[in-house]
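Single-structure report; data block below.
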Amino acid sequence: MFQSRVAYAAAPVTADPQAENIPGAPAALDWDTTLRFRHHLWSYGFGVAEAMDTAQRGAGLDYPATRELIRRSAVEARSVGGAIVAGVGTDQLPPGPATVDEITKAYLEQLADVRDAGATPVLMCSRHLAAAARHADDYKHVYGELLSQTDKPVLLHWLGEAFDPALAGYWGSPGTVEEIIAEHRDRIAGIKISLLDADYEIAMRRRLPPGVAMYTGDDFNYPALILGDEHGHSEALLGVLAVIAPPAARAFRALDAGDVATYNTIMAPTLPLARHLFATPTYHYKTGIVFLNWLAGHQDHFTMVNGAQSGRSPRHLLELMRLADQAGLLPDADMATRRANAWLTTIGLNR
C-alpha cells in the first residue's frame with residue numbers, strides 16, 4: 001500500500017470464453033484469470049475494490065456469481081495481505097418494483113455476506129431504492145438500518161447517472177447523504193462519489209466531518225483530486241486504476257516521497273486515455289477496460305459476461321489502443337498488435 005494516499009482499483013472480471021455468457025444468461029467466470037488479475041493489482045500496492053460496477057454489477061454479473069467472487073477474492077487477499085473492499089447492493093432482488101422493507105432486507109443479506117467473507121463493505125447505490133424512495137426519509141431509514149448493523153466503519157458509494165441512468169435523483173435531495181454521514185459518522189470511514197463533477201467533489205470533501213474520507217471515483221479529473229489542495233485531498237477508488245496500475249503505482253510512490261512534479265508527469269498521459277475510456281455512454285466503459293486487459297496480456301480473449309464486448313464501437317476501441325500505447329500501458333506491443341489485427345479480421349475490418 002501507499003503511504004500518503006489510500007488507493008483501491010475497481011477490478012473487472014474475466015468471463016469463461018467457453019460458457020454461455022450471452023445477454024441474460026447467468027455469469028460464468030474464468031476464476032483463475034479473474035483472481036490472477038487481483039494479484040496483479042495487489043502486487044503494485046493497490047487495494048482491490050471488488051464486485052463494483054467495474055465488475056459488471058447490474059450489467060450481467062448476477063448475485064450468486066457476485067457472492068462467490070467476493071468470497072474467493074477475500075481469501076486471496078488474506079493470502080498476500082492485500083486490502084479489499086466489496087460492494088453491497090440489492091441486485092439479488094428481481095427487476096421491477098420492491099418495497100423499502102424488501103430493499104432493506106436485501107441490503108442486509110449482502111452486508112452479511114461481505115462481512116462473513118472478511119472484506120470491508122461498500123454500501124452501493126440501489127436501483128431498487130432509487131425507484132421506490134418517495135422522499136429523503138426513505139434513504140435515511142434504509143441507510144440507518146444498514147449502518148446500525150455494521151460492527152466496523154464502512155464506505156458509502158454515490159454513483160452518478162452517467163454511470164447508471166437508473167440512479168438519477170439518488171438520495172432524494174443533495175444534502176441527504178451528508179445528513180446521513182453526520183448522524184452515523186462513527187460507522188462511516190468514507191464516501192466514494194462518481195459524479196464526474198470535480199467542483200462538487202471538492203466542495204463536499206471540505207464539508208465532511210473529521211475522520212470521514214472522500215474517495216474519488218471521478219475518472220475525468222482524478223490526478224488533481226488525488227493530489228488535492230491546501231484544504232485536503234481525495235483518496236482513490238477508481239475503475240481506471242485497473243488499467244493504469246503500473247504507472248499509477250509509480251506516481252503514488254512519487255507522491256509518498258513529496259515529488260509532486262514526477263506525480264504529475266506520470267499521471268498526465270493517463271488522463272486522455274481515461275477520458276476516452278469513460279466517454280459517453282459512460283456505462284459502457286467496462287468494455288474498454290476488458291479490451292485493454294486483453295491487449296496487455298491479462299486475459300487470453302475479448303469476451304465478457306452478458307455479451308458486453310459489443311458495448312463499444314471498433315473506432316472507439318482502436319482509439320483506446322492508440323492512447324494506451326502513448327501512455328505506455330501495452331507491455332508487449334507485438335502481442336497487442338497481433339491480437340488487434342485478429343479481432344479486426346473477425347469483424348471484417350482487416351482484409
> What do the steps show when you test Trp158 against Lys192 for side chain to side chain contact (heavy atoms under 4.5 Å, CB included), and what is the final call?
Replying inline: CA-CA 6 Å; Trp158 186 358; Lys192 182 251 184 160; over 6 Å; no
> Within the side chain of Thr270, is there an N or O that forms a donor-acceptor pair under 3.5 Å with the backbone of Met267?
Replying inline: yes
>> When you compare the side chains of Tyr63 and Asp113, does any donor N or O come within less than 3.5 Å of an acceptor on the partner?
In response: yes
>> Ring centroids only, cut at 6.0 angstrom: are Phe302 and Phe291 within range, meaning strictly under it?
In response: yes
> Do Glu76 and Arg72 meet the salt-bridge criterion of a basic N to acidic O distance under 4.0 Å?
Replying inline: no
> Which value, rounded to the nearest 0.5 Å, describes the distance between His135 atom NE2 and Thr176 atom OG1?
Replying inline: 11.0 Å
>> Using a strict threshold of under 4.0 Å (side-chain N to carboxylate O), is an ion pair present between Asp334 and Arg338?
In response: no
> Is a side-chain donor or acceptor of Arg71 paired with a backbone partner of Ala117 at a separation under 3.5 angstrom?
Replying inline: no
> Is the shortest side-chain N to carboxylate O distance from Asp30 to Arg36 below 4.0 Å?
Replying inline: no
> Going by the angle between their ring planes, with limits at 30° and 60°, are His298 and His40 parallel, tilted or perpendicular?
Replying inline: tilted
> Between CG of Leu129 and CG of Leu167, what distance do you get to the nearest 0.5 Å?
Replying inline: 9.5 Å
> What heavy-atom pair brings Ala27 and Leu61 nearest, and what distance separates the two atoms?
Replying inline: CB-CD1, 4.0 Å
> When the ring planes of Tyr8 and Tyr215 are compared, do they come out parallel, tilted or perpendicular, using 30° and 60° as the limits?
Replying inline: tilted
>> Do the side chains of Glu183 and Lys140 get close enough for a salt bridge, i.e. N-O under 4.0 angstrom?
In response: no
> Hey, mind stepping through Leu320 and Leu277 against side chain to side chain contact (heavy atoms under 4.5 Å, CB included) and telling me if it holds?
Replying inline: CA-CA 7 Å; Leu320 197 58; Leu277 181 65; 3.7 Å; yes
> Should Arg205 and Asp229 be marked as a salt bridge (Lys or Arg N to Asp or Glu O under 4.0 Å) after you check the CA-CA gap, both sets of side-chain angles, and the distance that decides it?
Replying inline: CA-CA 11 Å; Arg205 184 174 76 197; Asp229 54 31; 3.6 Å; yes
> Is a side-chain donor or acceptor of Arg275 paired with a backbone partner of Phe220 at a separation under 3.5 angstrom?
Replying inline: yes
> Does one hydrophobic cluster hold both Leu111 and Tyr139, with members joined at side-chain heavy-atom distances below 4.5 Å?
Replying inline: yes
> Taking the side chain from Arg127 and the backbone from Asp91, do they hold a donor-acceptor pair closer than 3.5 Å?
Replying inline: no
>> Counting the benzene-type ring for Trp, do Trp171 and Tyr143 have ring centres under 6.0 Å apart?
In response: yes
> Can a salt bridge be assigned to the pair Glu319 and Arg322 using a cut-off of 4.0 Å between side-chain N and carboxylate O?
Replying inline: yes
>> Could you check whether His276 and His316 have their ring centres less than 6.0 Å apart?
In response: yes
>> Give me the atom names and distance for the closest heavy-atom approach of Phe252 to Ser4.
In response: O-OG, 4.3 Å
